[in-house]
Number of protein chains: 4
Amino acid sequence: MSKTTPLMLQLSSADPRPIVRQIGDGIRRAIASRELPVGAQLPSVRGLAQQLTVNPNTVAKAYSELAAEGWIDSRQGLGLFVAAPRQMLSDAERSRRLGIAIDTFAADVVGLGYPLSHVIDQVKAALKPVLNKRTA
Amino acid sequence: MSKTTPLMLQLSSADPRPIVRQIGDGIRRAIASRELPVGAQLPSVRGLAQQLTVNPNTVAKAYSELAAEGWIDSRQGLGLFVAAPRQMLSDAERSRRLGIAIDTFAADVVGLGYPLSHVIDQVKAALKPVLNKRTA
Amino acid sequence: MSKTTPLMLQLSSADPRPIVRQIGDGIRRAIASRELPVGAQLPSVRGLAQQLTVNPNTVAKAYSELAAEGWIDSRQGLGLFVAAPRQMLSDAERSRRLGIAIDTFAADVVGLGYPLSHVIDQVKAALKPVLNKRTA
Amino acid sequence: MSKTTPLMLQLSSADPRPIVRQIGDGIRRAIASRELPVGAQLPSVRGLAQQLTVNPNTVAKAYSELAAEGWIDSRQGLGLFVAAPRQMLSDAERSRRLGIAIDTFAADVVGLGYPLSHVIDQVKAALKPVLNKRTA
DNA sequence: GTGGTCTAGACCACG
DNA sequence: GTGGTCTAGACCACT
């Protein structure tokens, strides 16, 4: 009875991220912000592929990565569903990944010419809806 | 008689970024933090390649990208020098890039389970030395 | 200078595991048993695909899963290398996975008619060379 | 007048195994542990399907696989009954299947970081109630 | 209908 | 040369 949530995903060819990543990131964000609640069914591989006009394999790959990371569960013949949140990674690995993400981010924004306060404000605005939600 | 600044660059094979990007990011960071001041001469392609034990083509590629982005200027027969800060990107482009960087960052840290405050603190610490320097 | 280790992999069509899994499991075993030491270069995607007469994409998929699990590191343009061991998973997740693995194993051996002692002996023999090695 | 044994089966959507396999494995385990003794009648396809709220086709498929493997016998018009234990597989086939099960298990637990003794203890605990029962 | 696997072949970035 | 991405299309298992 769980209806498939529409899911607004915007692919952009100007975005340097590969399509698979854009899809995965978009869904990750939707799950973290509870736009897609636990147990919700995701659009089918073929359906989403058609909606985004990309190859079904591309969608399938994004989905399978999300499944490997514990964001979604796959049920043979039924579809894909938002999984209950659980901590997959060790503390050491989480800390390591945070460091990498910050280094990458720093390299990306250096040279854009924005003052620190502006960048921080934007980061806060982007993270607020996706952090501290799934454990609330 | 501007002496070539030594330039401490640490390439890491554990770092997922390709070597070209590690070099470019490292130099970009050094310029932004004024470790390499305006007018300072950069190491030669061959010299840096030897120092880092990488292919000279890789260094040359990193340099040419930095030049295209306006970070460094090449003076024929003399070498490469840190350029005066100037903004080469349109406001729309800068804003778009910031948005993408933030999206990517958000996707990376979501699911790590850290509270917003912790992430923000880390980001601030990482950005402080590289932002607000060249525009000061 | 690190020569590619030959790597004996036996694919079997009688094996119910999909090819991707057989490849991944085989390499995981080789790394865990230190047959492939840390830093060793793995056979190239195309090379291994040719050796096993499977599609390069299949090998690439197996490799990318191993990379996601932290077994190997990929270096653009250079190849794939055995990564230094690190604990990626949280205690809760490790315990969960052990439980699933044991349940699956139990379901597989029930009905084969072997006495408990025989099964345990075989399991011990199989696990001895792959457990307690990477931390030794 | 053999009454249908209630049969406690727990289907879990968190379990990665497909439903057919969960049903088959559950019944196999119940028979092996003598929870379902030889001659006991199994619930009807429709009854079990209703109890588990799954498609009757799924239950029927699970039953037909169990029958093919010799676990249960169908008596026309009467229903399905637990068969007397017999070995339908050749020694070579049994040995091959044990090998595959052990390989899969080893690949699953390698990398979890548990000491051999801990894994063996858990395996013993899981196998004790289902092995050495039907041949005793 | 659903997802999962596999093949084939193309194009790109990196060194 | 290396790996990474994407498309196209086929076949299978599950519900």
Side-chain angles (χ1 to χ4, degrees), chain A residues 4 11 13 16-23 41-49 52-68 72-81, chain B residues 11 16-24 49 52-62 65, chain C residues 4 11 13 16-24 41-49 52-67 72-81, chain D residues 11 16-24 49 52-62 65:
Chain A
T4 297
L11 296 193
S13 55
R17 287 174 296 177
I19 300 179
V20 194
R21 228 295 198 174
Q22 290 187 48
I23 297 174
Q41 183 168 13
L42 293 149
S44 77
V45 170
R46 293 159 173 86
L48 187 55
L52 302 174
T53 55
V54 299
N55 191 287
N57 287 336
T58 306
V59 175
K61 187 176 183 184
Y63 275 168
S64 96
E65 284 171 4
L66 292 171
I72 64 182
D73 285 329
S74 147
R75 307 286 307 151
Q76 279 263 22
L78 289 177
L80 296 147
F81 304 84
Chain B
L11 298 192
R17 287 174 298 178
I19 297 179
V20 205
R21 202 189 196 289
Q22 287 189 48
I23 296 174
L52 301 175
T53 56
V54 300
N55 193 308
N57 293 334
T58 307
V59 176
K61 189 170 188 181
E65 284 173 4
Chain C
T4 298
L11 297 192
S13 55
R17 286 175 295 176
I19 299 179
V20 196
R21 234 267 204 200
Q22 291 187 47
I23 296 174
Q41 184 168 11
L42 292 150
S44 77
V45 170
R46 294 160 172 85
L48 187 55
L52 301 175
T53 55
V54 300
N55 191 287
N57 287 336
T58 305
V59 175
K61 187 175 183 185
Y63 275 166
S64 96
E65 284 171 5
L66 292 172
I72 65 182
D73 285 329
S74 146
R75 307 286 306 152
Q76 278 261 22
L78 289 177
L80 296 147
F81 304 84
Chain D
L11 297 193
R17 287 173 298 177
I19 297 180
V20 203
R21 202 187 196 292
Q22 287 189 47
I23 296 174
L52 301 175
T53 56
V54 299
N55 192 307
N57 292 334
T58 306
V59 175
K61 189 171 188 179
E65 284 173 3

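Here is the naming used below: chain letters follow the sequence lines, and residue numbers restart at 1 for every chain.
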In this structure, CG of A/Leu80 is separated from CG of A/Asp73 (nearest 0.5 Å) by 9.0 Å
Below 4.0 Å: OP1/OP2 of E/dT2 and any side-chain N or O of A/Ser74
no
Rounding to 0.5 Å, atoms CD (B/Glu65) and CZ (B/Arg21) come to a distance of 9.5 Å
Discussion item. Main chain of D/Arg17, side chain of D/Gln22: is a donor-acceptor contact present, judged purely on distance under 3.5 Å?
Written reply: yes
Atom CD of C/Gln41 and atom P of F/dT2 are separated, to the nearest Å, by 9 Å
Practice problem: Indicate yes or no: at least one non-hydrogen side-chain atom of A/Tyr63 is less than 4.5 angstrom from one of A/Pro43. | Solution: yes
Interatomic distance, NZ@B/Lys61 vs CD1@B/Ile19, rounded to 0.5 Å, equals 12.0 Å
| field | Working for side-chain contact (heavy atoms from CB on, under 4.5 Å), residues A/Phe81 and A/Leu42 | value | CA-CA 6 Å; A/Phe81 304 84; A/Leu42 293 149; over 6 Å; no
Taking a pair to mean Watson-Crick or G-U wobble geometry with both distances below 3.5 Å, F/dC14 pairs with E/dG1
Under a 4.0 Å heavy-atom criterion, the protein footprint on nucleotides 5-15 of chain E, written with B, S and -, is BBBBB---BBS
Exercise for the section: Look at the side-chain N and O atoms of C/Ser44 and state whether any lies under 4.0 Å from the OP1 or OP2 oxygen of F/dT2. Expected result: yes
